[in-house]
Amino acid sequence: MTAQASSLQAAAPALDGLAIEMCDVHKWYGKFHVLKGIDLEVARGERIVICGPSGSGKSTLIRCINRLETHQRGRIVVNGIELTDDTKRIEEIRRDAGMVFQHFNLFPHLTVLENCTLSPIWTLRMPQKEAEARAMHFLERVRIPEQAHKYPLQLSGGQQQRVAIARALCMSPKVMLFDEPTSALDPEMVKEVLDTMVELAKEGMTMICVTHEMGFAREVADRVAFIDRGEIVEINTPEPFFASPQHERTKLFLSQILR
Amino acid sequence: MNDIASPGSSVRQVSVRQDIVPRTFVRSQVSPDLPPPLAVGGVIGWMRDNLFSSVFTSILTLLSLLFLYLHTPDLVRWLFIDAIWSAPDGDACRAPGAGACWAYVNAKLEFFAYGSYPRDMVWRVDLTLLIGAGLAAWLLWPSAKHKAAALVLFLVVYPVIAFHLLHGLGPGLRATLSWLADLFGSKPLADVAANTLPVVGTNLWGGVFVSLLVATVGIVVSLPLGVLLALGRRSKAPVARFLCVMLIEIVRGVPLITVLFMANTMLPLFVPEQWSPDRLMRPLIGVALFASVYMAEVVRGGLQAVPKGQFEGAMALGMSWWSMMRQIILPQALTIVIPGVVNSFIALFKDTTLVAIVGIFDFLRAVDTARLDPVWAGPTSSATGYVFAATFYFVFCFGMSRYSMMMERRLTRGRSH
């Protein structure tokens with residue numbers, strides 16, 4: 001079972017090299033300038049939390065990294081592959097960058113296990129047995145192996161989101177992108193998902209999380225970025241970010257979400 | 001009631017112990033279920049819910065009952081009691097007061113089934129239908145194994161077998177056989193080569209089996225072609241999209257009769273004479289094309305109903321466009337549109353009767369022709385023939401409808417709470 005490598009992350013985080021490099025990234029929706037020159041470098045093994053008011057462009061930013069949105073100017077390099085219009089490259093980048101969505105986006109017509117094995121079988125050409133073993137491994141890691149043969153809609157929101165995390169991990173991604181993973185959950189289920197994410201972070205996975213869970217940011221983030229109106233207003237390590245934010249907008253935002 | 005104790009609560013028969021006056025209300029057991037009131041379950045409840053739920057529905061129910069009371073006896077008498085079940089010719093049916101002439105249907109059954117197909121060779125039709133039915137059952141049986149194999153057999157092997165059986169040994173095969181016969185100088189083999197499955201031209205084909213052939217080809221072609229056209233119409237490639245939109249809008253904007261006439265008279269003009277399609281092939285192409293564009297729009301509706309998150313979920317996993325469509329989007333889209341797809345199939349099945357206008361001898365045409373036979377002509381034989389035809393079409397369409405509802409239930413299993 002070499003494929004499992006028995007860790008949530010395929011390789012130990014290499015300190016050299018960048019996982020993600022965004023250089024002067026701009027995006028427009030029609031005339032609306034959503035991203036105004038984003039510069040962001042994420043090192044391998046680094047955990048970045050992105051926060052900001054709604055409509056600030058934080059989801060758009062993270063969705064540009066795996067080309068769910070196209071950027072119109074600037075450069076995005078993911079694990080050394082530059083994002084262009086080339087379909088093969090885009091697919092390669094997407095295989096390296098797992099994504100977890102706000103609304104889970106599990107496939108309702110497939111069982112939990114099939115959700116996890118589908119892409120390994122069809123895009124990595126993995127034999128079914130191996131894919132299933134790997135899926136069970138990750139379902140155990142997110143602590144729901146007993147639900148493997150159920151359909152997603154038979155599970156609670158928190159369980160579904162953990163399946164979504166396991167499904168992304170089955171592709172052995174080098175980076176994990178979280179797009180407001182707990183925003184659609186009932187309050188009592190937020191913790192189980194955050195616990196899974198904390199565990200993942202502690203194992204050294206490179207993570208970019210768009211989230212409003214500031215407790216999570218404090219606990220695991222290497223850096224916290226505040227985005228407003230399409231710009232990274234402030235980015236800093238959690239301690240000073242929360243204790244002494246530099247920018248007025250950051251202060252205002254933090255005062256609104258931290259009571 | 002010693003499990004409940006609460007002063008001043010609305011619970012009846014509270015026995016308050018005098019020494020302790022509890023201030024809290026604690027239920028320590030779940031109270032037992034009560035039986036439902038009479039009007040909820042049972043025959044009376046059903047009737048109240050479904051037949052007499054309001055004044056208006058009550059009036060409708062009574063009117064329907066009156067209608068049934070007035071007409072059912074006559075209908076039953078005509079169809080069964082006064083019907084002529086067996087007779088050597090139409091004399092009995094022509095007698096005054098005679099009901100449905102089932103003897104006529106019985107006498108014409110072979111004609112209805114095979115048209116003018118040579119009588120000594122109808123076993124070839126039977127065998128073809130039998131193999132087809134077997135394969136279809138294998139494909140449609142929900143829990144059958146090896147469906148992929150069944151699909152290949154049905155789509156690739158079966159058409160070849162059916163062609164050789166129905167039409168006769170193809171010239172290529174026959175030539176090969178006679179070449180082998182010459183090679184070995186074998187007389188029996190030469191006989192086999194000359195006499196096996198003699199050609200029966202499509203001008204002799206007719207009846208139920210032609211109707212089933214047209215419907216099956218239409219159904220089998222229209223689903224995949226419709227899916228491709230729907231995908232093309234939604235594709236980002238402008239040329240592919242334009243071509244699909246054109247084809248869909250043109251064919252859909254024209255009556256089936258026109259498509260059939262065009263297939264019949266214009267198709268031969270576009271291809272060299274020796275390539276000109278057979279006279280049965282032309283309406284087959286027309287019907288399949290017509291059904292496909294309708295299917296395309298039904299499938300497009302399903303594709304639009306699949307949430308955007310499903311596309312994103314698949315894309316984020318690095319799946320290619322084709323495997324995303326094949327594995328994620330189409331299974332969900334097609335499940336959503338099962339009612340529409342089956343609607344199209346049913347419409348197609350009944351529309352096959354239109355191939356008669358380009359000279360194809362389908363089942364309804366056979367019924368229509370048989371009634372002119374002077375031996376059986378009579379006041380009731382036409383009506384009996386049409387009742388028989390209506391029953392045939394109804395059984396098939398109703399069967400499709402029921403089957404689809406069953407599949408819908410199976411496929412949506414696990415998708416709702």
Side-chain angles (χ1 to χ4, degrees), chain A residues 59 62-63 65-69 85 87-112 114-125 149-156 160 163-164 167-173 176-179 184, chain B residues 142-143 145-148 227 231 234-241 299 301-339 341 404 406-417:
Chain A
S59 275
I62 201 171
R63 287 157 59 87
I65 296 173
N66 65 351
R67 246 314 151 96
L68 290 183
E69 306 280 355
D85 286 331
T87 317
K88 285 274 157 275
R89 273 189 190 203
I90 294 173
E91 282 168 18
E92 204 174 325
I93 285 174
R94 284 173 177 166
R95 287 199 277 272
D96 280 350
M99 187 173 230
V100 176
F101 298 86
Q102 181 177 359
H103 295 289
F104 330 135
N105 296 356
L106 295 175
F107 309 130
H109 62 301
L110 301 174
T111 63
V112 164
E114 288 164 340
N115 262 277
C116 295
T117 57
L118 190 73
S119 197
I121 290 175
W122 285 88
T123 64
L124 303 181
R125 306 266 158 222
H149 296 285
K150 285 196 182 163
Y151 287 92
L153 290 181
Q154 293 170 320
L155 308 185
S156 73
Q160 289 189 52
V163 171
R167 180 176 76 175
L169 291 173
C170 282
M171 295 295 287
S172 315
M176 284 287 283
L177 310 171
F178 291 85
D179 187 3
Chain B
S143 51
K145 296 264 186 295
H146 307 299
K147 291 236 173 155
V227 167
L231 292 178
R234 279 173 58 95
S235 108
K236 288 200 184 81
V239 179
R241 187 174 60 227
V299 173
L303 289 174
Q304 278 169 356
V306 175
K308 196 159 157 266
Q310 294 293 308
F311 291 85
E312 290 182 349
M315 285 193 287
L317 287 167
M319 298 184 80
S320 68
W321 187 86
W322 278 108
S323 36
M324 169 176 82
M325 282 298 167
R326 167 75 191 79
Q327 305 295 326
I328 310 294
I329 307 301
L330 281 175
Q332 296 185 60
L334 292 179
T335 310
I336 295 170
V337 295
I338 283 178
V341 168
S404 78
M406 189 265 288
M407 282 314 281
E408 226 175 302
R409 274 197 302 276
R410 279 183 73 93
L411 289 172
T412 49
R413 185 185 47 178
R415 274 182 228 190
S416 47
H417 296 278

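Sequence lines set the chain letters: A, B, ... in the order given, protein chains first and strands last, and positions in each chain run from 1.
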Is chain B contacted by the side chain of [X], its backbone, both, or neither, given a heavy-atom distance below 4.5 Å?
X        : result
A/Phe101 : side chain
A/Ala164 : neither
A/Arg63  : side chain

Spacing of B/Met315 atom CE and A/Ile90 atom CD1 [to the nearest 0.5 Å]: 10.0 Å

Interatomic distance, A/Glu69 atom CD to B/Glu312 atom CD [nearest 0.5 angstrom]: 7.0 Å

Residue B/Ser323 versus chain A: region with a heavy atom under 4.5 Å: side chain

CZ/B/Arg326: more than 12 non-hydrogen atoms of other groups inside 6.0 Å: no

Heavy-atom closest pair, residues A/Arg167 and B/Gly313: NH2-CA, 4.1 Å

Minimum-distance pair of heavy atoms, taken over all atoms of A/Ser119 and B/Met319: OG-CG, 3.5 Å

Donor-acceptor contact below 3.5 Å, side chain A/Thr123 vs main chain B/Gly318: no

Under 3.5 Å donor-acceptor, A/Glu91 side chain and B/Leu317 backbone: no

Which of A/Val100, A/Thr111, A/Asp96, A/Asn105 touches chain B most, by non-hydrogen pairs under 4.5 Å: A/Asn105

Selection from A/Leu118, A/Ile93, A/Leu177, A/Asn66 maximising heavy-atom pairs under 4.5 Å formed with chain B: A/Leu118

Selection from B/Pro307, B/Ala316, B/Ala314 maximising heavy-atom pairs under 4.5 Å formed with chain A: B/Ala316

